[in-house]
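Notes follow the structure.
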Amino acid sequence: MHAFSPPPSNSLTTRQLDPTLHRVTPPSQLSLRCNSTFSSRADWQSACSIFSSHHHNNNNNNSDEKSTTSVNGNNTAIDLFSISNNKTENTTTLTKTNNLPKPLTNDPTQNSTLRVAYQGVPGAYSEAAAEKAYPNSEAIPCDQFEVAFQAVELWIADRAVLPVENSLGGSIHRNYDLLLRHRLHIVGEVQLPVHHCLLVLPGNRKEFLTRVISHAQALAQCENTLTKMGLSVTREAVDDTAGAAQYVAVNGLRDTAAIASARAAQLYGLQILADGIQDDSGNVTRFVMLAREPIIPRVDRPFKTSIVFATHDNMEGKGTSSLFKVLSAFSFRNINLTKIESRPHRNRPIRLVDDANVGTAKHFEYMFYVDFEASLAEPRAQNALAEVQEFTSFLRVLGSYPMDMSPWSPSLCDDQ
């Protein structure tokens with residue numbers, strides 16, 4: 001499938017990717033591209049890559065041109081869409097004003113030959129999520145979340161599967177920030193039950209332990225159980241769970257235990273000292289699947305759409321009225337929101353409440369991430385975003401993708 005030789009299995013786990021070290025196959029030589037053509041309506045439906053609202057004032061005379069806006073400290077080229085109203089059909093559509101990447105013609109879950117990047121080392125929960133999302137794919141371990149983004153952007157990987165939230169630990173903020181910084185598209189989601197084990201060297205006993213290492217979220221998810229076990233140990237955070245298991249095994253640490261998966265124990269020859277040590281049996285992590293191109297939204301199965309926006313309030317100091325109006329656009333159309341997350345706007349982190357240069361009262365500027373249960377192929381979702389655009393200074397669609405509808409129960413955790 002690829003014209004270049006695959007990198008060594010550990011090449012992504014030791015350093016940042018350097019574009020000069022890899023010969024990238026031109027897009028036209030890879031099977032990901034499609035040559036399909038679309039009608040103007042389908043073009044809009046598939047344009048879930050990026051669009052931006054613009055200021056509706058007398059100073060905006062170039063709304064149909066591509067502009068550059070600084071978002072979180074980065075200059076981002078934003079693809080603009082113009083709004084047109086069809087009075088006869090009582091609908092609102094968006095007309096594309098520049099060229100976007102052609103969308104994938106097939107559901108990505110149907111492809112079994114993909115190269116999938118994930119953060120961590122073999123045995124990580126992210127690797128299990130990648131396998132669940134893309135069975136029989138080739139997994140590519142990356143030492144950092146950003147390296148996984150880069151692997152897809154440089155055509156070294158076809159997809160990335162990265163965590164965005166956990167039922168106990170909450171949102172993984174780093175990946176929300178990276179979704180805005182990079183130009184990849186969410187093409188799916190997968191929910192993975194997380195089943196933690198306490199791993200030690202073979203023959204080791206808990207009386208010998210003085211330290212437990214794992215990812216910070218894993219340590220937090222097992223805090224109460226570790227206390228009930230009577231372990232008098234220090235708890236140290238490392239980059240990932242499977243990496244903690246690997247570290248214990250490679251260094252022969254008899255005074256250290258790792259919290260990781262049962263698969264990590266098998267891979268690194270460790271013994272499971274305690275099984276299922278998470279504080280809550282309903283411990284689930286949600287992952288998103290990322291690609292260079294969006295998929296075509298459909299209406300034959302449940303879809304979810306993810307967006308990020310900044311309201312006019314952030315720029316004009318009008319309180320929370322615009323955020324209320326944005327959320328009302330979804331409520332009016334009975335569109336269910338499944339997630340709302342705020343992140344500080346790095347380009348404008350703090351301002352005075354009255355926007356004056358006097359006084360001490362300040363608050364943060366925010367970008368808002370929202371997930372809602374609707375496909376961009378649905379007119380109600382199109383009309384909702386057209387209305388949202390009126391109250392935002394920046395709006396980007398991160399993806400419109402199938403929801404993970406697979407059944408789950410705590411008893412399935414033992415298989416992970």
Side-chain angles (χ1 to χ4, degrees), residues 42 44-51 94 103-111 116 126 129-130 132-134 152 159-167 170-173 175-180 182-193 284-309 326-343 367-389 392 395-408:
W44 148 236
Q45 292 174 353
S46 65
C48 55
S49 52
I50 295 175
F51 65 89
L94 298 184
L104 304 174
T105 55
N106 297 320
D107 190 324
T109 58
Q110 297 175 354
N111 195 326
V116 182
S126 292
K132 181 178 179 181
Y134 301 106
V152 178
R159 302 285 190 277
V161 175
L162 298 171
V164 290
E165 58 182 329
N166 176 266
S167 58
S171 299
I172 290 86
H173 295 132
N175 281 335
Y176 276 97
D177 293 339
L178 290 173
L179 283 171
L180 185 60
H182 294 268
R183 300 290 290 253
L184 300 182
H185 309 279
I186 303 176
V187 296
E189 67 173 1
V190 60
Q191 297 183 13
L192 185 77
V284 181
T285 296
R286 175 174 170 253
F287 295 77
V288 292
M289 298 125 75
L290 304 175
R292 289 178 292 273
E293 299 171 331
I295 61 172
I296 299 175
R298 306 200 309 253
V299 295
D300 59 343
R301 60 180 296 183
F303 258 63
K304 182 183 291 184
T305 300
S306 298
I307 64 174
V308 57
F309 62 86
V326 167
L327 300 181
S328 296
F330 298 104
S331 176
F332 176 75
R333 295 169 176 85
N334 293 319
I335 297 177
N336 184 42
L337 301 186
T338 62
K339 172 79 173 180
I340 181 167
E341 178 77 28
S342 60
R343 294 291 295 148
M367 304 290 290
F368 297 95
Y369 293 80
V370 168
D371 295 343
F372 60 88
E373 292 180 343
S375 167
L376 283 187
E378 301 178 57
R380 62 172 184 155
Q382 299 174 18
N383 293 332
L385 290 188
E387 182 176 339
V388 166
Q389 192 179 33
T392 56
L395 173 62
R396 174 175 170 181
V397 175
L398 299 171
S400 189
Y401 49 91
M403 295 175 58
D404 183 2
M405 303 297 292
S406 59
W408 175 85

Given 3.5 Å as the limit, does a donor-acceptor pair link the side chain of [X] with the main chain of [Y], or not?
X	Y	value
Arg333	Ala381	no
Tyr176	Arg343	no
Asn166	Arg286	no
Lys132	Gln191	yes

Would you check, one step at a time, whether the test side-chain contact (heavy atoms from CB on, under 4.5 Å) holds for Leu337 with Leu327? CA-CA 9 Å; Leu337 301 186; Leu327 300 181; 3.7 Å; yes
Closest contact, heavy atoms only, [X] versus [Y]:
X	Y	result
Val326	Phe309	CG1-CZ, 3.6 Å
Ile295	Ser400	CG1-O, 3.6 Å
Gly188	Tyr401	N-CB, 3.4 Å
Leu192	Ala129	CD2-N, 4.0 Å
Pro297	Phe303	CA-CE2, 3.7 Å
Val388	Ala329	CG2-CB, 3.9 Å

[atom2] on [Y] to [atom1] on [X], rounded to 0.5 Å:
X	Y	atom1	atom2	value
Asp371	Ile186	CG	CD1	7.0 Å
Arg292	Arg159	CZ	CZ	7.5 Å
Asp177	His182	CG	NE2	10.5 Å
Ile307	Ile340	CD1	CD1	9.0 Å
Ile172	Thr285	CD1	OG1	6.0 Å
Thr305	Glu373	OG1	CD	10.5 Å

For Phe287 and Asn175: C-alpha separation, side-chain torsions, deciding distance, then whether side-chain contact (heavy atoms from CB on, under 4.5 Å) applies. CA-CA 10 Å; Phe287 295 77; Asn175 281 335; over 6 Å; no
Might you work through the side-chain contact (heavy atoms from CB on, under 4.5 Å) test for Tyr369 and Leu398, ending with a clear yes or no? CA-CA 9 Å; Tyr369 293 80; Leu398 299 171; 4.0 Å; yes
Hits for salt bridge (Lys or Arg N to Asp or Glu O under 4.0 Å) against Glu341, two or more places apart or cross-chain, chain-then-number order -> Lys339
Sequence neighbours left out, what passes ring-ring contact (aromatic ring centres under 6.0 Å, His included) with Phe330? Give chain and number order. Phe372
Can you find a pair of side-chain heavy atoms, one from Leu162 and one from Leu179, that are under 4.5 Å apart? no
For Ser375, enumerate each residue passing the side-chain hydrogen bond (donor to acceptor under 3.5 Å, both in side chains) test, keeping only those at least two apart in sequence or located in another chain. none
When Leu376 is tested against each of Val299, Val397, Ile296 for side chain to side chain contact (heavy atoms under 4.5 Å, CB included), which residue passes? Val397
